[in-house]
Structures are given as structure tokens and as C-alpha cells.
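In what follows, a single structure is set out as C-alpha cells and then discussed.
Below, all heavy atoms of this structure are taken into account, side chains as well, without hydrogens, waters or symmetry copies. Chain naming here is simple, since letters A, B, ... match the order of the sequence lines and numbering starts at 1 in each.
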Number of protein chains: 2
Amino acid sequence: MKIGELARLAGTNVETIRYYERDGLLPVPARSEGNYRIYGETHVQRLSFIRRCRSLDMTLDEIRVLLHFKESPQENCADVNRLLDRHIGHVAQRMQELQELERQLKDLRERCGEAREAAHCGILDGLSQAIVPGGETASHVQGTHRHAANRSLAKGNQGNQV
Amino acid sequence: MKIGELARLAGTNVETIRYYERDGLLPVPARSEGNYRIYGETHVQRLSFIRRCRSLDMTLDEIRVLLHFKESPQENCADVNRLLDRHIGHVAQRMQELQELERQLKDLRERCGEAREAAHCGILDGLSQAIVPGGETASHVQGTHRHAANRSLAKGNQGNQV
DNA sequence: TAGAAACCCTTGAGTGACTACAGAGTCAAG
DNA sequence: CTTGACTCTGTAGTCACTCAAGGGTTTCTA
């Protein structure tokens, strides 16, 4: 199959597949006479695996570790467990941060019930003083904003779910 | 004052200040004879405001809107309210996603209680099948991983808190 | 007063995980 | 034979910074 079909099957888009190839996550495929990439069932498997991991918010480096273990089935999988435990820890930590954030934002929002002149806006006032209380920690856990880049992930999920 | 002192006062680092200047968030400051940037109290205020907003995970574009209202105190602040409401929505949405994520990761983790051969690892098995159930949405809300870039934010917070 | 240390300058590249585009080639259907 | 859908490579852009090289300036200390 060509790249477009692989993309459809795995619920990714085409550029992402080429990106993974460049990045070494997908093996370099054979080419047709017309220089098109030709994929087989193993590629579908591997790409779907990657996408499933990505939908669990793992980094490509984390996924690389998992792929390594898939390829070396005789090795001990303790590292897989460790990786997942760490990842669960990151998610939990980020959730705590977001809870604190939500609290602060709602506090702030209550300072200005309805529209008035900006000069008397409680929100701007609040932001102009040092309100933020809790000391953040954070090492590996990201922010609140996701740009268009990640939208294909959502599409990807729908693609190969039951 | 010079850039280093401003950085200390606002709890940022020097590169970030120059970055904000390039990006138009901070006005171009005067220069000393030796070509050093010279800042005053207004710069401290403005930079602290920006950092406070960033510690609430707002984007620079969102902050630009807020700065505009700070500078036009006679305008109606309804947009400030709207911006904050939207932002609160994003945070709430991301928290829901992370909760779902945590559930899935813990499910997965239970599939492999202790270390064994990767060939029989329940986690790798799980990731190889289509487990992920919920359809993600997400438009503007980011992932679980934060890299070194954001660590200075935490430092920033400590800088100007009570 | 010399020299070292601390600070500052600009420029350019790097981060993660992609997306988007330009400009060209290939292929199947009508 | 042409249209349109698909594919190719390569490059640049996203976000909010960080880091490093290679230089200049200022301040502290001996």
C-alpha cells in the first residue's frame, strides 16, 4: 500500500509518517518504480502502536523504549513497568498543577462579575498584584495549550477504535 | 537598572526579557553609553504582569490582549472576562483529558504486575491492541510533558510571591 | 593600575512533535 | 489527453523560550 492508505489505516496524516521515518521510529520502506513508499501489514502494526502510545501522551523517546522491548521479547520487561510508572506520575503531577491553576483562575474571574471600564476591572487589578500563591515545581509536564499540531492525534484515535 | 537586575526583580532570566522585547511584549528600552539596556520601574511592572499571566499558563497572545486593556483603561473589559472564561474552559478540558488518561495508564499498568519476559508483558500486549476507548477532542490544550524551558517559570513564581 | 570576574551585547541554532507549503513528478479515470 | 488525486523532496513555521559562541563593557580586587 501507499502512504495515503497507511495514513488512513493508522489514523495519522501523511506528513507525520514521513516525519516518523526521518526520526527513525518507522523503518525505511521499499519504493515503487515511481519512487512511492510501499508499506505492508507490519508497518500498519508498528504505526498503530506508536499512535496508541502517543494518544497516551508518551514522548517519542518513551515510545522508542517500548518499541525496543517489542523487538527483543526475551528481555526482561521491568523497564517497561518503570517507564509506565514514571509516566503515570507525570500525569498525576500535571493534574495537581492544573487543579491549583483552575482555583486561581476562578478566584480571578470572580473579581469582575460583569463588564465595566478596564480601569476598574478586578481581573486586571488582580493580575497586577502578586496573587499567585503556590510554588510550582514541574520538570517534564506541560502547559494548558495545545495547538493545531495535536489535533490529528484526536483524529487518530477515532481512526482505529472499536 | 540593567537587564540583570530587572531579571532578578521579575524572577525571569535575561534571555527571556530580550525575547519579549523582540516579540513586542516589552517596549524597546533606552541604552547606556556602553549599549546596555536601561530599564525603569514601569518595565518591572509590565514584566511582572506578563510573568504572572504566564504562571497562569496564558499564551503570549492572550497576554497581549490583557496588556492592551491595561493600556486603554477607558475601554470595556468584557473581552478580559471572555478571555479568562475561555482560558478556564481550556484548563478544565485538559484536566478531564488527563483524568481519562490516568485511568487508561493505570489499567495498562495492572496488566503487568512484576517483571517478566517482554514477550509476555501485559503492558506491551495491551498497547498492541486497540484499547484506548474515549474519543479525544482537544483544540488548544497541551500534553503531559514539560521540558526545561518551563522550569524558569517556577523560579519566576518564587521570585515575586509573598 | 592591571587584570580578572561578572556582566552585557548580537546572532543563530536548538527544543518536541509535528504541520504547511512550494514546486515538481506519478498515476488512474473519464 | 487532460483532469484531478495522489506522491515526492525540501524547507520553514509553530510555541515560548534556552543555550552557546564570540565578542564588548563595567566593576571588583590585589
*asked:* With nearest nucleotide decided by heavy atoms, which residue, A:Ile50 or A:Lys2, maps closer to the 5′ end of DNA chain C?
replied: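 Nearest-nucleotide comparison on DNA chain C picks A:Ile50.
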*Does the B:Glu62 side chain pair with the main chain of B:Thr59, one donor and one acceptor, at a distance under 3.5 Å?*
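Here the side-chain-to-backbone pair exists.
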*Do the side chain of B:Thr12 and the main chain of B:Thr16 share a donor and acceptor less than 3.5 angstrom apart?*
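Here the side-chain-to-backbone pair does not exist.
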*Do the side-chain N and O atoms of A:Tyr20 and A:Arg46 include a donor-acceptor pair separated by under 3.5 angstrom?*
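A:Tyr20 vs A:Arg46: no donor-acceptor pair found between side chains.
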Closest to side chain of [X], choosing from [options]:
| X | options | answer |
| --- | --- | --- |
| A:Glu15 | C:dC21, D:dT18, D:dT7 | C:dC21 |
| A:Leu60 | D:dC19, D:dT7, C:dA17 | C:dA17 |
| B:Arg51 | D:dC8, D:dC17, C:dC18 | D:dC17 |
| B:Asn35 | C:dC9, D:dT18, C:dC21 | C:dC9 |
| B:Arg37 | C:dT26, C:dC9, D:dC17 | C:dC9 |
| B:Val14 | D:dA16, C:dC8, C:dT19 | C:dC8 |
| A:Arg54 | C:dA17, C:dT10, D:dC8 | C:dA17 |

*Salt bridge B:Asp85-B:Arg82, side-chain N to carboxylate O under 4.0 Å*: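 Looking at B:Arg82 together with B:Asp85, the answer is no, because their closest N to O distance does not fall below 4.0 Å.
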_Donor-acceptor pair present, B:Tyr36 side chain and D:dG24 base, under 3.5 Å_ =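 By the distance-only test, yes, there is a pair.
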